[in-house]
> 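First the structure, which I've put down as structure tokens, then a few questions once you've had a look.
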2 protein chains.
Amino acid sequence: MKNITIYDIAKEADVSVTTVSRVLNGTAPVKASTKEAVLRVIEKHKFQPNALARSLIKKETGTIAMIVPDITNPFFPEVFWGSENEAREKGYTFFLCNSAGEYGRESEYLSILREKRVEGIIFVGGRINLANCPPELVQEVVDTAKGIPVVLVNGHLAKSQLHRVYTDEAAGAALAAQHVIDLGHREIAFIGGMEELTTTIQKVKAVKRKLEEHGLGLRKDRLLFGEFSITAGRELMAKLLEQADRPTAVICVNDFTAIGAIKAATERGLRIPDDISIVGFDDSPLSTAVIPELTTVTQNTNELGKLAVERIYQINNGLPAKRSTVLQPKLVVRQSTGRAPGMA
Amino acid sequence: MKNITIYDIAKEADVSVTTVSRVLNGTAPVKASTKEAVLRVIEKHKFQPNALARSLIKKETGTIAMIVPDITNPFFPEVFWGSENEAREKGYTFFLCNSAGEYGRESEYLSILREKRVEGIIFVGGRINLANCPPELVQEVVDTAKGIPVVLVNGHLAKSQLHRVYTDEAAGAALAAQHVIDLGHREIAFIGGMEELTTTIQKVKAVKRKLEEHGLGLRKDRLLFGEFSITAGRELMAKLLEQADRPTAVICVNDFTAIGAIKAATERGLRIPDDISIVGFDDSPLSTAVIPELTTVTQNTNELGKLAVERIYQINNGLPAKRSTVLQPKLVVRQSTGRAPGMA
DNA sequence: GGCAGACATGAAATGGGTTTCATAGCCAGC
DNA sequence: GCTGGCTATGAAACCCATTTCATGTCTGCC
């Protein structure tokens with residue numbers, strides 16, 4: 001069951017393959033009658049040109065890729081959505097590579113994607129969030145970027161000069177801190193996130209600075225790290241609440257953690273926000289699903305994905321492409337934060 | 001900035017391209033010293049063979065695709081995770097195509113994927129859930145399946161004989177219904193899901209039958225349709241609660257809807273499950289995130305994805321492949337269901 | 001010593017398109 | 001009637017691998 005090729009079409013339509021190619025691509029004028037005849041044969045066999053052969057000679061595959069650590073974490077589908085939508089318009093098809101958080105798989109995929117000659121790679125999460133990314137992991141990406149446009153979303157690789165699109169997470173965390181301070185809170189904690197990731201580090205640093213600006217500090221026992229999951233948030237919050245003098249406000253590394261925190265607090269009979277305030281980060285759809293609805297920091301996640309594809313497109317088409325684009329997050333005040341207890 | 005090819009390597013290593021190819025693929029023995037020399041040159045230039053050229057002649061692309069309606073709906077990433085993991089092991093890379101619920105985009109992608117010569121397409125959601133899928137939309141998929149293995153996940157296309165992997169959703173809905181009946185509920189409602197989708201229809205039918213088995217009925221005003229979203233669940237539940245005689249148990253088409261329902265009930269001051277019981281469907285991570293934790297029906301979503309890839313692999317390798325695989329769902333009882341009010 | 005068979009290697013065909021360059025036919029203008 | 005300039009079309013080169021088939025060398029065995 002041989003595939004039909006452009007040669008078969010040419011023979012049957014009694015023209016040369018050149019003419020068939022021209023009909024397919026409109027690269028040169030073809031007499032109306034000839035064109036019709038060719039199209040008829042194409043239609044008859046439902047012929048579709050082999051994209052591999054075309055890509056091989058045109059050196060364009062029309063594919064790009066995204067590497068994510070965990071597609072079941074709702075942040076990533078959100079980025080993907082933004083990227084995919086833009087990609088479709090630009091004529092790209094998308095490889096989605098899930099690394100399951102293993103750097104080895106990222107490397108593996110990087111290699112496969114190079115072989116497949118993708119025209120762009122969007123890296124989000126994984127090694128690009130590592131505060132101390134091993135040089136060889138950095139090098140792989142840098143080397144890849146020599147041949148293929150690489151865009152890092154919400155991440156960074158030291159001294160790499162790679163294209164970046166990211167949210168100012170520190171600014172977002174500062175907003176969250178300012179918010180609870182304004183509400184009169186003085187006993188403030190931060191929970192969640194892996195300690196070695198920049199996502200975590202930046203936020204912690206920003207919260208610390210903001211507290212210090214107001215003569216407050218972030219106590220060591222009120223800074224707890226862990227996964228980005230609901231479960232982790234719940235456990236970390238439980239730990240906080242066991243302390244003799246529990247905080248009155250908790251800033252969480254992301255919405256998942258915050259939701260876990262809400263659970264832990266509610267389970268212990270605390271009222272939110274009367275007894276304790278909780279702030280999330282990301283403004284995922286979940287933030288309005290929980291009770292009370294979550295005060296959180298919104299980053300324009302779709303836009304992040306969209307911009308990444310835009311960069312790739314620009315680079316591939318010799319258009320000017322900003323090396324670094326930063327989006328400013330906003331605070332969304334909902335129901336999980338309120339005035340500090342005893343502040344009326 | 002020309003790409004290096006196998007010819008460049010051959011020339012520099014002073015051998016033929018045949019030999020280089022053999023070194024790369026191990027398809028024939030090569031003298032150790034020659035091999036080393038070739039490898040040295042390859043390493044030096046970090047040469048990676050062009051997958052397009054290879055695919056063209058081998059007629060194997062090592063790529064498969066998944067078409068989903070909405071990757072931000074957590075059900076789909078879960079399926080994808082299962083598929084991707086299996087695909088990696090089998091040496092496939094994954095295209096992810098998001099149709100945004102538009103059938104036109106599905107068609108578009110189908111065409112692109114054929115051109116790109118993917119070795120399998122996993123269809124989940126979208127037209128395959130349409131109770132009355134227009135013949136031309138069916139035909140497209142059937143035609144595609146003549147050249148490429150197609151597997152439908154949790155869906156179906158009338159008279160199509162396509163490979164399928166799915167959860168017995170009717171059985172799941174029956175479990176949910178039986179559960180609330182066992183708890184003494186008599187006033188039972190069903191909410192959510194688009195009316196024209198089989199996912200919805202099957203569940204409704206199963207719930208109806210189960211109620212009838214127990215001499216109960218599903219009143220028309222207790223059967224409300226809508227989107228699969230949290231918002232929709234909230235609105236539909238609100239409508240139910242406005243009714244003079246509100247139900248004591250509500251079965252929801254999925255977890256999202258159920259979470260919306262919980263919100264609506266809580267907002268009206270109802271206690272769950274004391275005043276009203278709520279059941280979800282899917283057992284998504286969210287089901288343990290909400291308060292109270294959701295009683296729901298669990299389908300082994302990862303497995304669904306995994307099995308789909310397995311089928312594709314089997315078909316492509318001439319192994320026996322079951323045309324239809326059905327997974328049995330299970331009920332997970334948590335906190336959102338309890339005895340009917342007044343049943344002690 | 002001679003020949004079969006194993007081993008190492010290369011030339012050329014192949015896959016299915018696109019593109020360059022050449023050619024043929026036709027009309028207008030002088 | 002001849003030439004310049006279009007338009008329409010085709011032959012062949014090219015993209016970059018894999019694979020078949022052929023060739024040359026070496027070894028083993030009778």
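What's counted below: heavy atoms across the whole structure, side chains too, no hydrogens, waters or symmetry copies. Keep in mind that this is a model prediction, so the values were computed, not measured.
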> Please compare R22(A) and P49(A) by the position of their nearest nucleotide in DNA chain C and report the one closer to 5'.
P49(A)
> With a cut-off of 6.0 Å (strictly less than), are more than 12 heavy atoms of other residues, nucleotides or ligands near NZ of K116(A)?
yes
> Report the nucleotide, chosen from dA8(C), dT18(C), dG16(C), that has the shortest atom-to-atom distance to any side-chain atom of P29(B).
dA8(C)
> Check this one for me: any side-chain N or O of K59(B) less than 4.0 Å away from OP1 or OP2 of dG16(C)?
yes
> Between dA11(C), dC15(D), dA12(D), spot the one nearest the side chain of I57(A), thanks.
dC15(D)
> What's the shortest heavy-atom distance between T5(B) and F47(B), and which atoms?
C-CE1, 3.7 Å
> Which whole-number value in Å describes the distance from L52(B) CG to dT18(C) C1'?
14 Å
> Inspect the surroundings of CG in N132(B) and state if more than 12 heavy atoms from other residues, nucleotides or ligands are less than 6.0 Å away.
no
> Once hydrogens and angles are ignored, does a donor-acceptor distance under 3.5 Å link the base of dA8(C) to the side chain of T34(B)?
no
> Closest-nucleotide mapping onto DNA chain C: is A53(B) or K31(B) further toward the 5' terminus? I mean the 5' end.
K31(B)
> To the nearest Å, how far apart are F47(B) CZ and dC16(D) P?
10 Å
> Rounding to a whole Å, what distance do you find between K11(B):NZ and dG10(C):C1'?
16 Å
> Whole Å only: how far is the CD atom of Q48(B) from the P atom of dC16(D)?
15 Å
> Kindly say whether, by distance alone, the side chain of S55(B) makes a donor-acceptor pair under 3.5 Å with the base of dA17(D)?
no
> Step by step, work out the ring pair (Phe, Tyr, Trp, His ring centres under 6.0 Å) result for F95(A) and Y109(A).
CA-CA 10 Å; F95(A) 281 121; Y109(A) 270 126; 9.0 Å; no
> Would you say dG16(C) has OP1 or OP2 under 4.0 Å from some side-chain N or O of N3(A)?
no
> Over how many whole Å does the gap from I6(A) atom CD1 to dA11(D) atom C1' extend?
14 Å
> Please report, rounded to the nearest Å, how far the P atom of dT18(D) is from the CG atom of L24(B).
6 Å
> Looking at the side chain of K58(B), which of dG16(C), dT19(D), dG10(C) is the nearest nucleotide?
dT19(D)
> Can a salt bridge be assigned to the pair D8(A) and K11(A) using a cut-off of 4.0 Å between side-chain N and carboxylate O?
no
> Please find the pair of heavy atoms, one from W81(A) and one from N98(B), that lie closest to each other, and give the distance.
CZ3-ND2, 3.1 Å
> Let me know, please, whether Y7(A) or S16(A) comes out on the 5' side of the other along DNA chain D by nearest nucleotide.
S16(A)
> So V20(A), base contact, sugar-phosphate only, or nothing? Heavy-atom distance under 4.0 Å.
nothing
> Choosing from dT9(C), dG16(C), dT19(D), which nucleotide comes nearest the side chain of T27(B)?
dT19(D)
> Below 4.0 angstrom from OP1 or OP2 of dT9(C), is there any side-chain N or O of T18(B)?
no
> Looking at dT18(D), dG16(C), dA8(C), which one has an atom nearest to any side-chain atom of R54(B)?
dT18(D)
> In whole angstrom, give the distance that lies between atom CD of E60(A) and atom P of dC15(D).
16 Å
> Give the rounded distance in Å between these two atoms: CD of E115(B) and P of dG16(C).
15 Å
> Identify whether any heavy atom of S21(A) sits under 4.0 Å from a base atom; if not, whether one sits that close to sugar-phosphate; answer base, sugar-phosphate or nothing.
base
